[in-house]
Amino acid sequence: MSVGPAGPVDGTPTTVPQDPYALVRTRGYLKLLLLAAAIGFPVCAVAFGFLALVHELEPLIYQDLPRALGFTGTPIWWPVPILVVAGLLVGLTVRCLPGGGGHEPADGLALSGAPPLSALPGVFLAALASLSFGVVLGPEAPLIALGGGLAAGAVRLMDRGMPDQAVATVGAAGSFAAISALLGSPLLGAFLLMEVSGLGGPMLGIVLVPGLLASGLGALIFTGLGDWTGLGTYSLALHDIPRAAEPTIPEFGWALVIGLAAGFAATGVRRLARFLKGHVVRYRVPATMVMGLVVGALAVVFAAATGKPASEMLYSGQSALGSLFHDSAGYTVGALLLLILCKGLAYCASLSAFRGGPIFPSLFLGAAGGVVLSHLPGLSLTAGFAMGVGAMCVGMLRLPMTSVLLATLLLGKSGLTVMPLVIVAVVVAYVVVLRLTPATAPDAPAAAPHAA
């Protein structure tokens, strides 16, 4: 069928494709980039302050407070009342403050738009009570909410006439900046944002560029404040990783095993967390206290059975990844298996009721599983560690590119060496999780975006 100037020969109007990059050539987009660059600094400063506060409260609650109450050390039962109190605080925050305390971690990691400024106090308090009291969740979801909410709120206050699309883009840039500094790489943050939001096509670069700019400049804040205060950067990183050997044929076999195991384990964690969440939402405050009691009791069981401090089972596991790798010889296989069991159950309870992110506990559980399997023939510690991290991460998040990058960048040069193994384990775990997940009704077609 030939098409003339007025349209096809049958008289149907012709749709002229619009230039998807026209927005980049406008003055408004340059203004958007300047806003993203300016917002990256204060957002990362707030993110750094939040992480520093959590880090400082942890020893205050678990070391200084029991001594102030007259104990010579931290009693083995201490996590139980502390986490019940955490449950009370989080339950009241979720029930009473606007925004419900932010993202429900049992639902996975999702970007549903920047929260309003009125919801940020609840997000901050619920996450602070969860993370600093030892709940098995990470800080990434609260940072995404705080970064996006602050950025979008600041833009609305500065220019109330700004189009919603531009506000959403700046909000995404704020989330991007906050999470990238934590993950240790703006590139990793870009993949996370891309996969979580489902961005694609030409608009991908248009939306990601402001975020890359904000996170790149904001990373200076993390580095500068870390050096100035002596508190460090709180970014995800392992140091002094020994050089990894080239992958072997048996290790590719282990990649299949680890991918299968992680797929089933992650599906079990998600289903149990959502089952518990169904009961928590009906009785928010008392049920959250019960979930805190469960996490505390599991910590006591682990400490009593292994002789190790309860803190090794509590918290997100981000800061414990390095010691797990370097001091793996200090764990017996039985202790590691008990650690995986107790932390996995505490992870389910935490996902169902508290506030935080699902990434870091999944990394730790996968890493611990890889360390256990490395005691068997044909699997090195580095390869097992990396494959476990990637496979469990994709099992919980369903973000394959992000999971591969997390596992490989975490180990530096050695991560690049074992990347083929990580890819196989991630792909297997991803397919297993999708096969085990019940099909849902397709979403309604989204409306086409209109020009701002």
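Atoms considered below: every heavy atom in the structure, side chains included; atoms not considered: hydrogens, waters and symmetry mates.
Atoms OG and CG, from Ser132 and Leu53 in turn, are 7.0 Å apart once rounded to the nearest 0.5 Å. Separating the CE atom in Met419 from the CE atom in Met387 is a distance of 14.0 Å, to the nearest 0.5 Å. One finds the CG atom of Leu324 at 8.5 Å from the CG atom of Leu381 (value rounded to the nearest 0.5 Å). One finds the CG atom of Leu410 at 6.0 Å from the CG atom of Leu321 (value rounded to the nearest 0.5 Å). Of the inter-residue distances, the one linking Leu120 atom CG with Leu125 atom CG reads 11.0 Å to the nearest 0.5 angstrom. Here the SG atom belonging to Cys393 is positioned 7.0 Å from the CG atom belonging to Leu399, to the nearest 0.5 angstrom.
Residues meeting the ring-ring contact (aromatic ring centres under 6.0 Å, His included) test with Phe275, sequence neighbours left out: His279. The side-chain contact (heavy atoms from CB on, under 4.5 Å) test applied to Leu60 returns Leu57, Asp64, not counting sequence neighbours. Scored by the side-chain contact (heavy atoms from CB on, under 4.5 Å) test, Ala429 finds Ala262, Ala391, Val394 as partners (sequence neighbours excluded). Taking the side-chain contact (heavy atoms from CB on, under 4.5 Å) definition, one finds that Ala265 meets it with Met392, sequence neighbours left out. Scanning for side-chain contact (heavy atoms from CB on, under 4.5 Å) contacts around Ala386 gives Leu411, Val418, Val422, with sequence neighbours left out.
The heavy-atom pair separating Ser130 from Ala126 by the smallest distance is OG-O, 2.8 Å. In terms of heavy-atom proximity, Ala297 sits nearest to Val80 at N-CG2, 3.8 Å. In this structure, Ala349 and Val294 approach most closely via the heavy-atom pair CB-CG1, 4.2 Å. Nearest heavy atoms, Ala310 versus Ala303: N-CB, 4.0 Å. Closest heavy-atom contact between Gly263 and Leu436: O-CD1, 4.2 Å. Here the shortest heavy-atom pairing between Gly317 and Phe364 reads O-CD1, 3.6 Å.
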Validation: residues 134-151 side-chain donor-acceptor distances under 3.5 Å, sequence neighbours left out:
residue, atom, partner, partner atom, Å
Glu140, OE2, Ile359, N, 2.5

Ignoring hydrogens and angles, write down the donor-acceptor pairs under 3.5 Å from the side chains of residues 339-346, residues two or more places apart or on other chains.
residue, atom, partner, partner atom, Å
Lys343, NZ, Met313, O, 2.8
Lys343, NZ, Leu314, O, 3.2
Lys343, NZ, Tyr315, O, 3.0

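Within the structure, side chain to side chain donor-acceptor pair (under 3.5 Å) contacts touching residues 422-439 (residues at least two apart or in different chains) do not occur. Among pairs with a residue in residues 345-368, those fulfilling side chain to side chain donor-acceptor pair (under 3.5 Å) read Glu104-Arg355, at least two apart in sequence or across chains. Counting only residues at least two apart or on different chains, the ring pair (Phe, Tyr, Trp, His ring centres under 6.0 Å) pairs with a member in residues 114-165 are Phe50-Phe124. Legend: salt bridge (Lys or Arg N to Asp or Glu O under 4.0 Å) pairs involving residues 260-280, not counting sequence neighbours, sorted by first then second residue: Asp107-Lys277.
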Item to check | side-chain contact (heavy atoms from CB on, under 4.5 Å) assessment of Leu117 paired with Leu157 | outcome: CA-CA 10 Å; Leu117 288 175; Leu157 291 176; 4.1 Å; yes
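Side chains of Leu363 and Met396 form no contact here, defined as non-hydrogen atoms less than 4.5 Å apart. The side-chain heavy atoms of Leu336 and Val371, taken from C-beta on, include a pair separated by under 4.5 Å. Using a 4.5 Å heavy-atom cutoff, the side chains of Val90 and Thr93 are not in contact. A 4.5 Å side-chain heavy-atom check between Thr382 and Phe325 finds at least one atom pair inside the cut-off. Annotation: side chain of Met401 is not in contact with side chain of Leu405 (no heavy-atom distance under 4.5 Å). Put simply, the side chain of Phe48 does not reach to within 4.5 Å of the side chain of Leu51, judged on heavy atoms.
With hydrogens and angles ignored, the 3.5 Å screen pairs no side-chain donor or acceptor of Trp78 with any backbone N or O of Gln63.
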